[in-house]
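The structure that follows is given in the form of structure tokens.
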Amino acid sequence: MHELTVAQRILEIAEEKARDSGLSRITGIRVRVGSLTTVVPEALDFCFGFAREDTLAGNANLVIEEVRAEARCNSCGIVFPVEQSFFLVCSSCGSSDTALLKGTELDLLSIEGEI
């Protein structure tokens with residue numbers, strides 16, 4: 001369960017940003033998680049609940065924005081959903097000349113807090 005490590009790193013970054021912004025308390029954190037990251041949003045939320053104790057985000061809410069992976073075929077131009085990143089084959093023409101567009105994100109989007 002690497003989500004605990006991910007939650008701890010999110011909190012470290014959020015605390016650093018909060019201190020830089022003069023916040024004394026974090027009330028909310030919003031993150032974006034791509035479907036190819038192997039991070040399970042439910043597990044991340046669960047681990048966040050434990051990891052936030054004794055931090056500036058002790059009672060903060062975690063909002064997870066899930067991003068479905070998509071790729072574009074360079075042969076026919078269609079954008080198609082991706083379930084696995086191992087074999088990016090166009091679902092329309094079968095070409096393997098494709099480019100992954102999204103799905104590997106793991107971004108801290110914003111924090112909310114109090115001064």
Side-chain angles (χ1 to χ4, degrees):
M1 182 183 287
H2 67 104
E3 283 81 0
L4 180 57
T5 302
V6 173
Q8 290 170 329
R9 185 65 184 131
I10 289 169
L11 285 161
E12 289 172 5
I13 295 169
E15 284 191 305
E16 182 180 317
K17 299 290 183 189
R19 287 189 180 102
D20 289 349
S21 300
L23 299 177
S24 63
R25 190 174 148 228
I26 298 170
T27 58
I29 298 174
R30 179 177 291 272
V31 296
R32 179 182 298 137
V33 178
S35 61
L36 298 178
T37 62
T38 70
V39 172
V40 177
E42 294 81 9
L44 177 60
D45 189 50
F46 179 78
C47 291
F48 179 82
F50 290 107
R52 70 182 177 190
E53 292 181 17
D54 299 324
T55 71
L56 293 179
N59 293 315
N61 291 325
L62 177 65
V63 176
I64 301 171
E65 179 182 312
E66 296 180 52
V67 178
R68 305 279 305 162
E70 290 182 348
R72 179 183 32 234
C73 177
N74 293 325
S75 295
C76 71
I78 191 171
V79 174
F80 58 96
V82 175
E83 298 301 324
Q84 300 178 10
S85 62
F86 308 117
F87 304 105
L88 289 180
V89 177
C90 178
S91 59
S92 179
C93 71
S95 172
S96 60
D97 183 12
T98 59
L100 185 63
L101 299 176
K102 58 184 181 177
T104 60
E105 302 88 344
L106 183 51
D107 302 323
L108 174 61
L109 299 176
S110 65
I111 61 172
E112 296 177 9
E114 298 173 353
I115 296 176

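For reference, positions follow the sequence shown, starting with 1.
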For residues L23 and I115, determine if any side-chain heavy atom of one lies less than 4.5 Å from a side-chain heavy atom of the other.
-> yes
Rounded to the nearest 0.5 Å, the SG atom of C47 sits from the NE2 atom of H2 at a distance of 9.5 Å
Single-linkage hydrophobic cluster V79~V89, side-chain heavy atoms < 4.5 angstrom = no
Would one find more than 12 heavy atoms of other residues, nucleotides or ligands at under 6.0 Å from atom CG of D20?
->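 Yes - once you tally the heavy atoms of other residues, nucleotides and ligands closer than 6.0 Å, there are more than 12.
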Between L4 and V40, is there a shared hydrophobic cluster once you connect ILVMFWY residues whose side-chain heavy atoms come closer than 4.5 Å?
->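 No.
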With a 4.5 Å limit on heavy-atom distance, are the side chains of N74 and S95 in contact?
->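 Contact flag for N74/S95 side chains = no.
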Check whether I13 and V6 end up in the same hydrophobic cluster, where Ile, Leu, Val, Met, Phe, Trp and Tyr are linked by side-chain heavy atoms less than 4.5 Å apart.
->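 Same hydrophobic cluster.
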Report yes if the side chains of C73 and S92 come closer than 4.5 Å at any heavy-atom pair, otherwise no.
-> no
Could you check if a side-chain atom of R9 sits within less than 4.5 angstrom of a side-chain atom of E12, using non-hydrogen atoms only?
-> yes
Hey, could you give me the CD1/CZ distance between I64 and F48, rounded to the nearest 0.5 Å?
->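 Here the rounded value is 9.0 Å.
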In terms of hydrophobic clustering (I, L, V, M, F, W, Y; side-chain heavy atoms under 4.5 Å; direct or indirect links), are L36 and L106 co-clustered?
->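 No; tracing contacts between hydrophobic side chains, which count when under 4.5 Å, never links both residues.
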Please tell me if the side chains of C90 and S75 come closer than 4.5 Å, counting only heavy atoms from C-beta onward.
->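 Not in contact.
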Between CD1 of I111 and CZ of R30, what distance do you get to the nearest 0.5 Å?
->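 Separation between the atoms: 13.5 Å.
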First locate atom CD of E70, then atom CD1 of I78, and finally report the distance between them rounded to the nearest 0.5 Å.
->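 Here the rounded value is 11.0 Å.
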Indicate yes or no: does E83 engage R68 in a salt bridge with an N to O separation below 4.0 Å.
->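 Salt bridge: yes.
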So do I29 and L11 actually touch side chain to side chain, heavy atoms under 4.5 Å?
->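 Of all side-chain heavy-atom pairs linking I29 with L11, at least one is under 4.5 Å.
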Which heavy-atom pair separates S35 from A69 by the least distance, and what is that distance?
-> OG-N, 3.0 Å
Can you name the nearest heavy-atom pair linking N59 to R52, along with the distance?
-> C-NH1, 4.2 Å
Tell me, do R19 and L56 make a side-chain contact under 4.5 Å, heavy atoms counted?
-> yes
